[in-house]
Asker: 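Got a structure here, written out as structure tokens. Questions coming.
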Amino acid sequence: MDPVVNTRTARWSSYLVAFLITALIFATALYVSNYFNEQRVADIQATENDVSAQILSTETQFDLLQEHPCSDVSETDLAPSEMTSLGSELDYLEAQGGNQAEIARLKSTYSLLEIKDYLAMRQLATKCSLKPVFILYFYSNKGDCPQCEAQGDVLTAFSQEYPMLRVYSFDYNLQVGALQTLISIDHVDNNLPALVINGKTYYGFQSMQAIQKILPQLKTLQTASSTASSTAK
Amino acid sequence: MIDAAVTYTLLFVSLYFEIFLLVAFLQRAFLSNTNISTAVSKYPKVAIIVPCYNEESGISATIASLLALQYPKDAFEVIVVDDGSKDRTFEIAKQFEADSRVHVFHKENGGKHSAMNLGLSKTNAELIGCLDADSIVEPEALLSIVSIFQNEKVAAVTPGIHVKETGNLLQHMQKVEYRLSIFNRFMLAALGSAFITPGPFSIFRASIVRELGGWRYGHSTEDMEMALRMQDAGFLIANAPKAIVHTGTPKTIRKLFHQRVRWTYGWLRNAVDYRHMIGNRNYGNLGIIILPSALISIGAALFFFFKIILEFAVLAQHEFLKIQVTGTVPHPMFSFFYFNTSMMSILVWVAVGLILLLVALGSLIGTGKRTLPIGTPLFVLFYSFLVPLWLGTAVVRAAFKTGVRWR
């Protein structure tokens, strides 16, 4: 490299070119970020389609069972679908920002799928005398529910420990007709977090011990570790 | 919302500055016609002042390296100024007076600027240099610098500074930082905007130093104060990256912290003294972008540091709460779905990539090789978390004008 003896006079073309390149980098970063977010949305849509197909299958199964005995159906057939991971992915997408209208639409669809799944499972369980465990969880992420995060953590831990447990989580403020009907049928007040277990509503944070006390039948469910070990055998 | 606006603005400014230097570099590489002959037609008399205080361990190597410089003997002298050392520095330096080019003086301790001024008063050399007593020079260094003084507008020339020893991880990280500094020093000089004439082997035109009144205390950074004064007076400061000097670097975080607090404190206090230059178009690139960016970079580093610390604290609190309410430690799971692809993280990756590119260019300019030093991963991962510590301390101390000591 040659030694430097240039004058210090500003060369405005350098300033302009640097500005354009920096602006281009920002625009590219925005584009790439949006591209990956759109990919995530597409992933979630695909999963929602899968879940929808699963629910249709359950409903069809139920229709078939109207005329046939339940001998071929057991609790293991009621294992939760990809619904749990879908909920986590939607939470992440919402926290990341992005196209809020698109995310709200995905959440609405997700809530509808949850309600349909819940109803189908309940009907199937009643018909076949099965005893699945359901928890309906109502939360708010508007910043008015300081305990919702901890409640969500507890329920996630339960879902991981008991794969057969069906936790349906609903954004209380989501304007979906079916969800508002569910809220009104179960008489859930805007006092969150709220859990509906066996038809009874519990308000405020419920610890793991409290939920285990409310739901003694949890002990009858297979745990993740026992499922893993039986699979290994 | 305000947080996002500040974050993106600072990211834009930081990226803009890196890209501005890169663009200026490319323009210089492809468009510039400032090729200079490095052949020396005449050999002006050169005096190198070695100010030293308690440097008994390094002074011999420093003087020996100066005496090994390729330069006519009758046009070269070494002036060692012992600034009131309490060890054997003076005694050791005296032994070199057997060589007629070496002159050793002793004075009461008064700071580096006073030692430099004593040296200045003891010589009639046309060019006068400084070499810290913890540094050694390559034999060709002086010739590389002297050739640039053939341009009469040049008041000072800075060298290419390399780390002398890489004995531990901290010094390996500093080696990467010094490579980045080689690029920055080169480009700042190219933009006529160098505002530091570092202690290790910067050479000055003696007549200009005298005209400007010699060295001043400069808030313990007389090398920065002198450069700003030269710029203020309209003189040019050039850079000769091929003039290689190896300088000692702190071996411990404590010493590094102390050194960098002094440097940053000196910069901030000198910035106040020379505030009329900041944002002033009359000073060209220096006033328009270099000085403002140097100040903004301190604010940006502190802002991002506290932002990361705050976000980490919130995350840690959430994880702690999760463990508390569930009684279990969450299993770490990896899924591409959760890979952070926010605009912010992409921009941070771009900024890191640009820094690596500038380090590679620093290596190219300083050593002729594009390879990154082996300490680069450590530098990227850890050094950026060390820097805000001394920046923050220096900002507080500068605000309260506490002053800083050399040691």
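Order of the sequence lines fixes the chain letters, A, B, ..., with proteins taken first and strands second; residue numbering starts at 1 for each chain.
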Asker: Side chain, backbone, both or neither: which part of B/Y8 has a heavy atom under 4.5 Å from chain A?
Answerer: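 B/Y8 touches chain A through backbone and side-chain heavy atoms alike.
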
Asker: Does any part of the side chain of B/L361, heavy atoms only, come nearer than 4.5 Å to the side chain of B/L22, both counted from C-beta?
Answerer: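 The answer is yes, as the side chains (C-beta and beyond) meet within the 4.5 Å cut-off.
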
Asker: If you count heavy-atom pairs under 4.5 Å between each of A/F26, A/Y31, A/F158, A/F36 and chain B, which one has the most?
Answerer: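 Ranked by contacts with chain B, first place is A/F26.
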
Asker: Check each atom of B/L11 against the heavy atoms of chain A and say whether the ones under 4.5 Å are side chain, backbone, both or neither.
Answerer: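 Contact with chain A is through both the backbone and side chain of B/L11.
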
Asker: Under 4.5 Å, counting heavy-atom pairs only, tell me which of B/L15, B/I346, B/T341 racks up the most with chain A.
Answerer: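 It is B/T341.
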
Asker: Using heavy-atom distances under 4.5 Å, tell me whether A/S14 contacts chain B through its side chain, its backbone, both, or neither.
Answerer: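 Both parts, backbone and side chain.
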
Asker: How about CZ on B/R370, more than 12 heavy atoms from neighbouring residues, nucleotides or ligands closer than 6.0 Å, or not?
Answerer: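 No - once you tally the heavy atoms of other residues, nucleotides and ligands closer than 6.0 Å, there are 12 at most.
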
Asker: With a 4.5 angstrom heavy-atom cut-off, is it the side chain or the backbone of A/Y35 that approaches chain B, or both, or neither?
Answerer: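 For A/Y35, there is no contact with chain B at all, as no heavy atom is under 4.5 Å.
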
Asker: Minimum heavy-atom separation for A/A29 and B/L347, please, with both atom names.
Answerer: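 In this case the closest contact between A/A29 and B/L347 is CB-CD2, 3.7 Å.
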
Asker: Between the main-chain N or O of A/G152 and the side-chain N or O of A/T156, is there a donor-acceptor pair closer than 3.5 Å?
Answerer: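 Yes, the answer is positive, given that a donor and an acceptor are paired below the 3.5 Å cut-off.
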
Asker: Name the region of A/E149, side chain, backbone, both or neither, that has any atom closer than 4.5 Å to a heavy atom of chain B.
Answerer: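 Answer is side chain: those atoms of A/E149 sit under 4.5 Å from chain B.
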
Asker: Shorter than 4.5 Å, heavy atoms on both sides: which option in B/N340, B/I288, B/L21, B/V157 has the most such pairs with chain A?
Answerer: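 Heavy-atom pairs under 4.5 Å are most numerous for B/I288.
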
Asker: Where does A/S88 contact chain B at under 4.5 Å (heavy atoms): side chain, backbone, both or neither?
Answerer: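 Both parts, heavy atoms under 4.5 Å.
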
Asker: I'd like to know whether B/F25 forms a ring pair (Phe, Tyr, Trp, His ring centres under 6.0 Å) with B/F183, so could you lay out the CA-CA distance, the side-chain angles of the two residues, the decisive distance to 0.1 Å, and finally the verdict.
Answerer: CA-CA 9 Å; B/F25 175 81; B/F183 174 82; 5.6 Å; yes

Asker: Heavy-atom cut-off 4.5 Å, strictly under: side chain, backbone, both or neither for B/V325 against chain A?
Answerer: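 Both parts, heavy atoms under 4.5 Å.
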
Asker: Ion pair present between A/R40 and A/E89, side-chain N to carboxylate O less than 4.0 angstrom?
Answerer: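 The answer is no: the pair does not qualify as a salt bridge.
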
Asker: Could you have a look at B/M344, B/Q324, B/H318 and say which one has the most heavy-atom pairs with chain A under 4.5 angstrom?
Answerer: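 Max contact count across the listed options: B/H318.
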
Asker: Treating A/Q151 as the side-chain partner and A/Q206 as the backbone partner, does any N or O pair qualify as donor plus acceptor under 3.5 Å?
Answerer: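 Such a contact is found between A/Q151 side chain and A/Q206 backbone.
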
Asker: Go through the atoms of B/I290 and report whether side chain, backbone, both or neither lie under 4.5 Å from a heavy atom of chain A.
Answerer: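 Looking at B/I290, nothing touches chain A.
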
Asker: Give a yes or no on whether A/Y202 atom OH has more than 12 heavy-atom contacts from other residues, nucleotides or ligands under 6.0 Å away.
Answerer: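 Check passes, neighbour count above 12.
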
